[in-house]
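Values below: every heavy atom of this structure, side chains too, minus hydrogens, waters and symmetry copies. Numbers restart at 1 for each chain; the letters A, B, ... are given by sequence-line order, proteins then strands.
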Amino acid sequence: MSFRSISCGFVNEDHIDQEIEVAGWIHRRRDHGGVIFFDLRDSSGLLQVVYNPEDNEAFSIAEGCRNEFVIRAKGIVRKRPEGTVNKGLPTGMVELNSSVLEILNPSKPLPFSLDEHTSVGEETRLKYRFLDLRREEMQRNLRLRSKVSQEIRKFLEKNEFLEIETPILTKATPEGARDYIVPSRTYPGSFFALPQSPQLFKQTLMASGFEKYYQFAKCFRDEDLRADRQPEFTQLDLECSFVTSQDIMDLITEMIRKVFKKAIDVDLGDFPVLTYEEAIKKYGSDKPDLRNPLQFVEVKELFTDSDFKVFSDPANSEDSRIAALRVPNGEKLTRKQIDDYTNFVGQFGAKGLAYIRIIDLSSGKEGLQSPILKFIDDQIIEELLTKLECQNGDIIFFGAGKKNVVNESLSSLRDLVASDLDLLNKDWAPCWIVDFPMFEYNKSGELTPLHHPFTSPTSLDDIEKDPTRTLSDAYDVVLNGTELGGGSVRIHESEILYKVLSLLGIEQKEAQEKFGFLLSALEHGCPPHAGLAIGFDRMIMLMTNSDSIRDSIAFPKTQSASCLLTEAPGSASIEQLDELNISIDIDTEEEM
RNA sequence: GGACCGGUAGUUCAGUUUGGUUAGAACGCCGCCCUGUCACGGCGGAGGUCGCGAGUUCGAGUCUCGUCCGGUCCGCCA
């Protein structure tokens, strides 16, 4: 005895004249007075169910049914009458002529329509997430997510990886982000931290001799959200012993290619490898979108003797650059669009946006149009046009100033212009970025790791003289301008780790307190090892062509890190707080 | 912490620039009609704390200030 004999989507011409029983939701109901149609939906698809007045009990129940009622219908499968076949439905050749109808559960009218023709606001979707997830798009996304994780598991199991879980209640690690903390009842005043990633545990597992580990790991970072950032997210985390960075890159390239092929039938092709330096030089970004053909050209050397201070100052400054971005057919951009772009780059600290429109090269300077022309020598303009290989109809944008400002503003502009002018020349463009600097100075002038402090340097030669020149044995995998994941060869010798930590201002004592267990593990026969983590939610976001990571997560949080469905976070009772020796001190009268 | 966009019927949105009679549309909902539709159709109807709070004004959806919520981005975060 079961609810149904077959799922809706599987009914076809083979079942004609057979009696079947189906169950599902009334996706849509069409009542013609004398005949009633339901599109019955279950997880397999839609099936048209027909009620005729001759079956008068079923018919009268059908009259009372509404959209999203959960029903069970029994009847005979019929070939649809001539001219009523629905080619848009996989089951459109047939229909269920139902004589028995049972309402399993009625439904109130829905707060929003589930059909693909109406859009719904984010707030409403999240509040009624259980309904939002019924929509086809979300069903598709989460099914794909499951499929992808299955393919990844299959691939890694075949390659002899072991899936090992690591704790959620753990200790704060030095990874840079703010921790979520959980009070300990048994140790009053002490706290667990939720892991920002299982980094230390997976390295420890290498010391334990597992050699190949992976896990779909929940990670937690209490930082502000973005379209591609949630406070709680999933990483495909893995680590291997006795491998080089090349081994990991080869493995992951193969894995990602296989998964894309199997899950969405996409051939990703080659994963070109760019050095960090190259990526910054050509694209101003360490996660360049290689679907976009535009590249930066460094034109600093043309302006060292110029009178145009906006360009000559950066041209003569070590930590500055002048990058030109030639946009074919960009001349048609309106003044308004250029003004918008100017505001756009302003967000990243650029003071303005210089440009030259190339209208007609044959008329020399007269054929150009730009507010900066009058400040630049004709000869320099000539050299510039030649160097950039300008064509009629181009527009050239310039970024001049501090390297990081130019890189951030012009690379963002590069993305925006490509999207406005529809310049992307392929659907998928993966790449690896390698040879990252080990360290950089943050705004407070402190040395910080670009990756994390457990990353191995490629050489120790300059590390004390000029740490910023030291490269790390790290690699990021980038897809369509999104950082999909990254990893590195780890430091497996404690002396080297101590050296790196001390450069970062972390002394032995502090290191011992914070992650003594890892240092101890390294000192008891830990093999060389390397690994990587992939942002799984982001990967699904890309594969489903979604604009936000929220659409690849069943129950995501809002930008202010709340859950509109459960109304989390909520308050704790006085009893709970007492038990944890916690008192709340919020100045509720603040506004007074 | 900051910038910007939005919040009006169950939903999506118009109305806000230029304050003025009874705040509209579509879809949904309810009722009636309809035997071949498939985003069925026809007729009729109900449905509003214009996010919230102050202020300006004879009068506020519309103007001002504050505040809350959703979103995009900067800072933050690998």
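Only the P atoms considered, B/rG15 is 29 Å distant from B/rU56, to the nearest whole Å. Across the C1' atoms, B/rA9 and B/rG24 are found 10 Å apart, a figure rounded to whole Å. Taking atom C1' in both B/rU64 and B/rG19, one finds a spacing of 13 Å when rounded to whole Å. One P atom belongs to B/rG41, the other to B/rG70, and the distance between them is 36 Å to the nearest Å. Of the C1' atoms belonging to B/rA14 and B/rC76, the separation is 39 Å, rounded to the nearest Å. Comparing the C1' positions of B/rC74 and B/rA25 gives a spacing of 38 Å, expressed to the nearest Å.
The side chain of A/Arg30 contributes an N or O atom lying less than 4.0 Å from OP1 or OP2 of B/rC40. An OP1 or OP2 oxygen of B/rG36 is reached within less than 4.0 angstrom by no side-chain nitrogen or oxygen of A/Arg80. Here A/Thr455 does not reach the OP1 or OP2 of B/rA78: none of its side-chain N or O atoms lies under 4.0 Å away. For A/Arg125, no side-chain nitrogen or oxygen approaches OP1 or OP2 of B/rU11 to under 4.0 Å. Contact annotation: A/Arg550 reaches the phosphate of B/rU72 (side-chain N/O to OP1 or OP2, under 4.0 Å). Between A/Ser119 and B/rU12 there is no side-chain N or O to OP1 or OP2 distance below 4.0 Å. For A/Gln559 and B/rU72, the shortest distance from a side-chain N or O to OP1 or OP2 is below 4.0 Å. Distances shown here put a side-chain N or O of A/Arg226 below 4.0 Å from the OP1 or OP2 atom of B/rC74. At the phosphate of B/rC68, neither OP1 nor OP2 sits under 4.0 Å from any side-chain N or O atom of A/Ser560.
Look at CG on A/Asp340: it is 13 Å from P on B/rC5, rounded to the nearest Å. As a whole-Å value, the separation of A/Glu95 CD from B/rG36 C1' is 8 Å. Atom-to-atom, CZ of A/Phe348 to P of B/rC76 comes out at 13 Å; the value is rounded to the nearest Å. Atom-to-atom, NZ of A/Lys108 to P of B/rC29 comes out at 16 Å; the value is rounded to the nearest Å. A/Asp31 places its CG atom 11 Å from the C1' atom of B/rU35, with the value rounded to the nearest Å. Atom CZ in A/Phe112 sits roughly 14 Å away from atom P in B/rC13 (whole-Å rounding). When the P atom of B/rA78 is taken as reference, atom CG of A/Leu484 falls 18 Å away, rounded to whole Å. Remark: C1' of B/rC73 and CG of A/Asp228 are 11 Å apart, rounded to the nearest angstrom.
Among B/rU12, B/rC69, B/rG31, the nucleotide with an atom closest to any side-chain atom of A/Arg66 is B/rG31. For A/His32, counting side-chain heavy atoms from C-beta on, the closest listed nucleotide (B/rA39, B/rG36, B/rC29) is B/rG36. Closest approach to the A/Arg28 side chain among B/rU35, B/rC38, B/rA39 is made by B/rA39 (side chain taken as heavy atoms from C-beta onward).
Heavy-atom nearest nucleotides on RNA chain B were determined for A/His117 and for A/Gly121, and the one closer to the 5' end corresponds to A/Gly121. A residue-by-residue look at A/Gln347 and A/Arg229 shows that A/Gln347 has its nearest nucleotide of RNA chain B further toward the 5' end.
Heavy atoms of other residues, nucleotides or ligands lying less than 6.0 angstrom from CD of A/Glu57 number 12 at most. Around NZ of A/Lys557, the count of heavy atoms belonging to other residues, nucleotides or ligands within 6.0 Å exceeds 12.
Across the strands present, B/rG47 finds no partner; the criterion is a Watson-Crick or G-U wobble pair with both atom distances under 3.5 angstrom. Base-pair partner of B/rA25: B/rU12 (Watson-Crick or G-U wobble, both distances under 3.5 Å). The base-pairing partner of B/rA54, taking Watson-Crick or G-U wobble contacts with both distances under 3.5 Å, is B/rU64. Partner assigned to B/rU18 is none, using Watson-Crick or G-U wobble distances below 3.5 angstrom. When both pairing distances are held under 3.5 Å, B/rC4 makes a Watson-Crick or G-U pair with B/rG71. Across all strands shown, B/rG41 forms a Watson-Crick or G-U wobble pair with B/rC33, both key distances being under 3.5 Å.
A/Asn480 and A/Thr482 share no side-chain donor-acceptor pair at under 3.5 Å. Side-chain contact annotation: A/Arg30 with A/Gln48, donor-acceptor N/O pair under 3.5 Å present. Side-chain N/O atoms of A/Ser98 and A/Tyr51 include a donor and acceptor closer than 3.5 Å. A donor-acceptor pair shorter than 3.5 Å cannot be found between the side chains of A/Asn86 and A/Arg80.
Residue-to-nucleotide contacts include no donor-acceptor pair under 3.5 Å from the side chain of A/Asp224 to the base of B/rC76. A/Arg29 contributes no side-chain N or O that forms a donor-acceptor pair with the base of B/rC40 under 3.5 Å.
Nucleic acid contact class of A/Thr558 (heavy atoms, under 4.0 Å, all strands): sugar-phosphate only. Counting any heavy atom pair closer than 4.0 Å across all strands shown, A/Pro111 reaches sugar-phosphate atoms only and no base atom.
When ring centroids are compared, A/Phe201 and A/Phe515 stay outside the 6.0 Å threshold.
Between the A/Ser99 side chain and the A/Gly75 main chain, no donor and acceptor come within less than 3.5 Å of each other.
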